[in-house]
Amino acid sequence: MAARSATRRFKYLLAGILAALVVWSIVWFVAATIVDRQIARAEKMALDRDAILVCAERHVTGYPFRVVVRCESGSKVGANGRKIALGGLTVAAQVYDPAHIIARVDTPARLHFANGAEIEANFGLAHASAQIDLSSGALRQLVAEIVDMGMSAGPATLAVAELDLSLRRNPDMPDNLDIALQVRDAVPREGLEPFDFILRGQVAGGSALLQGAPRDLAQRAAVDGLPIIIEAAEFACGDMVVTLKGTLGIKPDGLIDGTVDVAVAGYEAGLPYVSTMNPHAEMVLTTLLTNFFANAPVTMVGNKEARSISITIDDGRIKPGGWFTVGTIPPLPFRFY
């Protein structure tokens with residue numbers, strides 16, 4: 001009797017497992033179908049708006065726990081005469097955690113402009129992780145990494161060993177966009193010395209970009225400009241290290257205002273890249289910087305002694321110490337109005 005009872009319980013358990021598998025399979029295939037139809041709908045909407053959105057040879061896989069969308073070579077997105085063509089794209093999410101999306105881009109990636117110019121990027125790895133607010137569809141956070149990237153635009157080239165980018169809404173001021181960028185071992189041209197660059201900052205009102213509302217940000221910037229807070233930035237090449245922090249504002253006409261605190265170390269040993277362009281200019285500029293910083297306050301950048309100065313930028317005019325103009329920054333090539 002006990003043996004028959006145990007056998008019956010086992011059959012019930014097996015039947016329950018099979019039923020759960022059937023229900024889960026239905027849920028997965030329904031989710032995969034919804035995703036596939038939404039992509040097809042987005043492609044049609046883009047076409048109706050004279051835009052480009054193509055997921056070439058689209059197929060949805062990942063059963064049983066993931067939904068994976070694979071777009072093959074020939075996939076592209078664009079509008080207004082500009083488009084990005086990809087060697088392939090894979091986007092995946094767990095069925096039980098659809099708010100977390102992981103994506104991988106296959107090489108090459110080509111950016112085409114309306115004037116016929118083209119930028120091509122090849123890389124060893126390019127992937128990203130995103131957190132989505134499912135209730136509104138807004139992007140809460142994006143983390144991206146590109147490894148062993150080479151870019152070319154005609155004769156101009158750029159090689160980067162690693163590029164890391166992070167975007168998120170500022171937890172203390174949700175209206176602001178937090179930006180963190182790190183570029184490691186970047187070579188602007190073959191044969192030149194590599195440089196590293198780090199940036200942490202905020203764009204006031206920039207979280208509108210994560211919410212898919214760039215027009216709202218542009219309308220606000222057309223009236224008030226676009227404030228950018230540089231929490232920390234560092235450029236390092238050879239013996240030279242430059243750090244800065246401060247607040248800049250991009251005005252509606254593209255001109256820049258603001259004040260930044262700059263510290264420079266290692267300039268006595270020569271200026272990166274200047275010697276390649278003009279060896280005589282490097283000697284002149286090094287002498288000018290040495291004389292200019294002679295009486296500037298001493299600070300430390302890492303373990304290096306540096307000289308610091310506050311620089312005011314007034315309608316694009318660069319004024320060290322706020323005294324006199326030593327150069328100008330041309331208006332940025334976009335307008336908010």
Side-chain angles (χ1 to χ4, degrees), residues 24 27-28 30-43 45-46 51 53 55 58-71 75 77 84 86 88-106 109 121 123-147 149 160 162-184 198-218 220 226-232:
W24 181 258
V27 169
W28 186 91
V30 168
T33 301
I34 291 173
V35 169
D36 188 65
R37 289 179 177 175
Q38 287 296 322
I39 295 173
R41 181 170 176 266
E43 288 180 332
M45 289 176 61
L53 177 61
C55 178
R58 179 178 72 251
H59 47 275
V60 183
T61 60
Y63 179 81
F65 299 117
R66 296 192 302 165
V67 175
V68 181
V69 179
R70 172 66 187 170
C71 305
S75 300
V77 59
I84 299 175
L86 305 176
L89 174 67
T90 303
V91 180
Q94 304 289 350
V95 174
Y96 49 83
D97 186 16
H100 183 201
I101 297 175
I102 298 174
R104 187 189 76 236
V105 176
D106 295 335
F123 35 80
L125 174 67
H127 62 174
S129 173
Q131 291 285 346
I132 307 294
D133 186 340
L134 296 179
S135 62
S136 63
L139 180 65
R140 291 188 299 185
Q141 183 174 1
L142 173 68
V143 178
E145 178 187 27
I146 303 177
V147 178
M149 179 178 67
V160 178
E162 183 176 346
L163 185 151
D164 298 291
L165 173 67
S166 173
L167 303 175
R168 67 167 187 172
R169 298 182 69 179
N170 185 283
D172 299 320
M173 292 178 286
D175 194 41
N176 289 3
L177 175 68
D178 276 349
I179 298 177
L181 173 66
Q182 177 175 299
V183 179
R184 185 173 60 82
I198 298 173
L199 169 68
R200 296 195 313 274
Q202 299 180 41
V203 178
S207 66
L209 297 175
L210 299 182
Q211 300 172 55
R215 182 172 297 180
D216 293 346
L217 178 62
R220 183 186 308 178
L226 187 64
I228 298 175
I229 303 166
I230 303 173
E231 298 172 351

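Since the structure is predicted, the reported quantities are computational estimates derived from the model, not experimental observations. Values reported hereafter were calculated over all heavy atoms of this structure, with side chains retained and with hydrogens, waters and symmetry mates removed.
Residue pairs meeting the salt bridge (charged side-chain N to carboxylate O under 4.0 Å, His left out) criterion with at least one partner in residues 171-183, sequence neighbours excluded, are R168-D178, D175-R220. Sorted pairs that involve residues 127-144 and meet salt bridge (charged side-chain N to carboxylate O under 4.0 Å, His left out), not counting sequence neighbours, are lacking altogether.
Residues that satisfy the side chain to side chain contact (heavy atoms under 4.5 Å, CB included) test with V35, not counting sequence neighbours, are I39, V67, V69. Checked against side chain to side chain contact (heavy atoms under 4.5 Å, CB included), L181 has the following partners two or more places apart in sequence or in another chain: L163, L165, V183, F197, L199. Residues passing the side chain to side chain contact (heavy atoms under 4.5 Å, CB included) test with A42, sequence neighbours excluded: L53. Here R37 pairs with T33 under the side chain to side chain contact (heavy atoms under 4.5 Å, CB included) rule; sequence neighbours left out. A search for side chain to side chain donor-acceptor pair (under 3.5 Å) contacts involving R66 returns nothing, not counting sequence neighbours. E231 is linked by a side chain to side chain donor-acceptor pair (under 3.5 Å) to Q202, counting only residues two or more places apart in sequence or in another chain. Under the side chain to side chain donor-acceptor pair (under 3.5 Å) criterion, E145 pairs with H127, not counting sequence neighbours.
With rounding to the nearest 0.5 angstrom, the CG atom of L177 is 10.0 Å from the CG atom of L142. Separation of atoms CG (L125) and CE (M149) is listed at 12.0 Å; rounding is to 0.5 Å. The distance from the SG atom of C55 to the CG atom of L89 is 7.0 Å, given to the nearest 0.5 Å. Considering CE of M173 and CD1 of I229, their distance stands at 5.5 Å, rounded to 0.5 Å. Here CG of N176 is found 7.0 Å from OG of S207. Values are rounded to the nearest 0.5 Å. To the nearest 0.5 Å, atoms CD (Q141) and CZ (R169) are separated by 12.5 Å.
The shortest heavy-atom contact between G62 and V68 is CA-CG2, 4.0 Å. Between F123 and A109, the shortest heavy-atom contact is CE2-CB, 4.2 Å.
Between Y63 and W28, the angle of the ring planes goes over 60°, which puts this pair in the perpendicular group of the 30/60° scheme.
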Do any side-chain atoms of residues 90-105 form donor-acceptor pairs under 3.5 angstrom with protein atoms, and if so which ones, sequence neighbours left out?
unit_1	atom_1	unit_2	atom_2	d
T90	OG1	R70	NH1	2.7
H100	NE2	S129	OG	2.7
R104	NE	D106	OD1	3.2

